[in-house]
2 protein chains.
Amino acid sequence: MTEHAHHQHNHNHCVKTAMENAALLCEEKGVRLTDTRKRVLELIWQGHEAVKAYDLIQQFSDGGTKPPTVYRALDFLLEQGLIHRIDSLNAFIGCPHPDHHDECGLQVLVCDECHLVEELHTHDAVSTIADAASATGFKVVRPVVEVHGLCEKCQA
Amino acid sequence: MTEHAHHQHNHNHCVKTAMENAALLCEEKGVRLTDTRKRVLELIWQGHEAVKAYDLIQQFSDGGTKPPTVYRALDFLLEQGLIHRIDSLNAFIGCPHPDHHDECGLQVLVCDECHLVEELHTHDAVSTIADAASATGFKVVRPVVEVHGLCEKCQA
DNA sequence: AATGGTTATGTTATATTATAACGCTTGTGT
DNA sequence: ACACAAGCGTTATAATATAACATAACCATT
């Protein structure tokens, strides 16, 4: 059984857990999880698919929420490690375990069909790459692995 | 000695080789390396740093070259494997070995200071990740590794 | 509860990156 | 020469993201 059985799960539980973790983490760090930030995080957690910034903006029911507001919230959430940015999609995804910050960088499987994103934590792989990098004199700061392909569902 | 001694090398040679390889490859594949495409490839090969699309556009001395022209050339060069797109930078880099298409996906070291990009080919790492991916039922199509950090020069 | 500093948000404008759509030109095979 | 496909020019616009400055909310200290 993998960490994420996406097929058939009570997603409300995912959202609830994520929001609780976020609240705790911000409490601990002494940073403020304001309404806007909370709202953006909730919207991102509507599913396990990566979400685009302008989709978030449109989902604000008030209709008056402007790009900078949302981008600022996204920046905050990124800084706190509550979400990740998927560069190859220009999109954002909730982090399921914002508490332990990752030594092995960000590793994600990205479905090209449905944009489902699942995290990996293959520590071996990244240390192999880090070694290769160091061998060339490069100082590794932030390894990112984005594996594109098809999720189980979309392999129909 | 690594593949790229960036510090002190005759870069004209890099460009020349790249252009020759490109010509050969296109010949072989029966696709046309037109003037625009050649020009864009040359401009990208002005250095080993990733180059932004709009910088390319501005570097066309005629001044009349418009975005679609350059983006079409970039699309062509990407399709032929003559360049790579660095998602985390929205930028492009020449591929030093467009002839053998890579089973281990794209792996690059990206300097956050100077945007120097160097390719890796750590086959092990990617197979480790691919295994982990397969274990979750994911079908890997295109693994991408972008390691951010500091190149030798920029570690001052 | 007033004061003042810091943090967060609102607002307007604009920068940056990329593509759609359409018509013309050029190349290629017959 | 002809027809078809591929490439390019041109205009407009979509999609993504940030700068700059004004206002408001928070909160620590008086």
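Chain A is the first sequence line, chain B the second, and so forth, proteins listed ahead of strands; every chain is numbered from 1.
- For B:K52 and C:dT17, the shortest distance from a side-chain N or O to OP1 or OP2 is below 4.0 Å.
- Between B:R37 and D:dC8 there is a side-chain polar atom (N or O) within less than 4.0 angstrom of OP1 or OP2.
- Ring pair A:H84/A:H97 is tilted by interplanar angle, where 30° to 60° counts as tilted.
- Separating the CZ atom of A:F60 from the C1' atom of C:dG10 is a distance of 13 Å, rounded to the nearest angstrom.
- Stacking is not found between B:Y54 and the pyrimidine-like six-membered ring of the C:dT16 base under the 5.5 Å centre-distance and 30° plane-angle cut-offs.
- Taking atom CD1 of A:I86 as the reference point, atom P of D:dT16 lies 15 Å away to the nearest angstrom.
- Where A:A73 and B:D55 meet DNA chain C, the nucleotide closest to each residue was compared, and A:A73 sits on the side nearer the 5' end.
- Distance A:L77 CG to C:dA8 P: 12 Å, rounded to the nearest Å.
- Among the atoms of the strands shown, base atoms are found under 4.0 Å from some heavy atom of A:R72.
- Distances from the side chain of A:T69 to the nucleotides D:dA6, C:dG10, D:dC8 place C:dG10 closest.
- Checking A:R32 against B:K66, the closest nucleotide of DNA chain D that is more toward the 5' end is the one next to B:K66.
- Within the 6.0 Å centre-distance limit, the rings of B:H9 and B:H48 are counted as a close aromatic pair.
- When each of B:P67 and B:N90 is assigned the nucleotide of DNA chain D with its nearest heavy atom, B:P67 is the one assigned upstream, toward the 5' end.
- Rounding to the nearest 0.5 Å places CZ of B:F138 at 9.5 Å from SG of A:C154.
- To the nearest angstrom, C1' of D:dT18 lies 12 Å from CD1 of A:I57.
- Taking only side-chain nitrogens and oxygens, B:T34 never comes nearer than 4.0 Å to OP1 or OP2 of D:dG7.
- Of the residues listed (A:V51, A:L41, A:I93), the one engaging A:I83 in a side chain to side chain contact (heavy atoms under 4.5 Å, CB included) is A:L41, and it is the only one.
- The CG-C1' distance, from A:L74 to C:dA8, rounds to 15 Å in whole Å.
- Nucleotide D:dT16 holds its P atom 10 Å from the CD atom of A:Q58, rounded to whole Å.
- If you take CZ of B:F76 and P of D:dA6, they are 13 Å apart, rounded to a whole angstrom.
- Defined by atom type and a distance below 3.5 Å, a donor-acceptor pair is missing between the side-chain atoms of B:H121 and B:H123.
- Backbone-only engagement by B:T36 is indicated by non-hydrogen atom pairs under 4.0 Å involving sugar-phosphate atoms exclusively.
- Look at CG on A:D75: it is 16 Å from P on D:dT16, rounded to the nearest Å.
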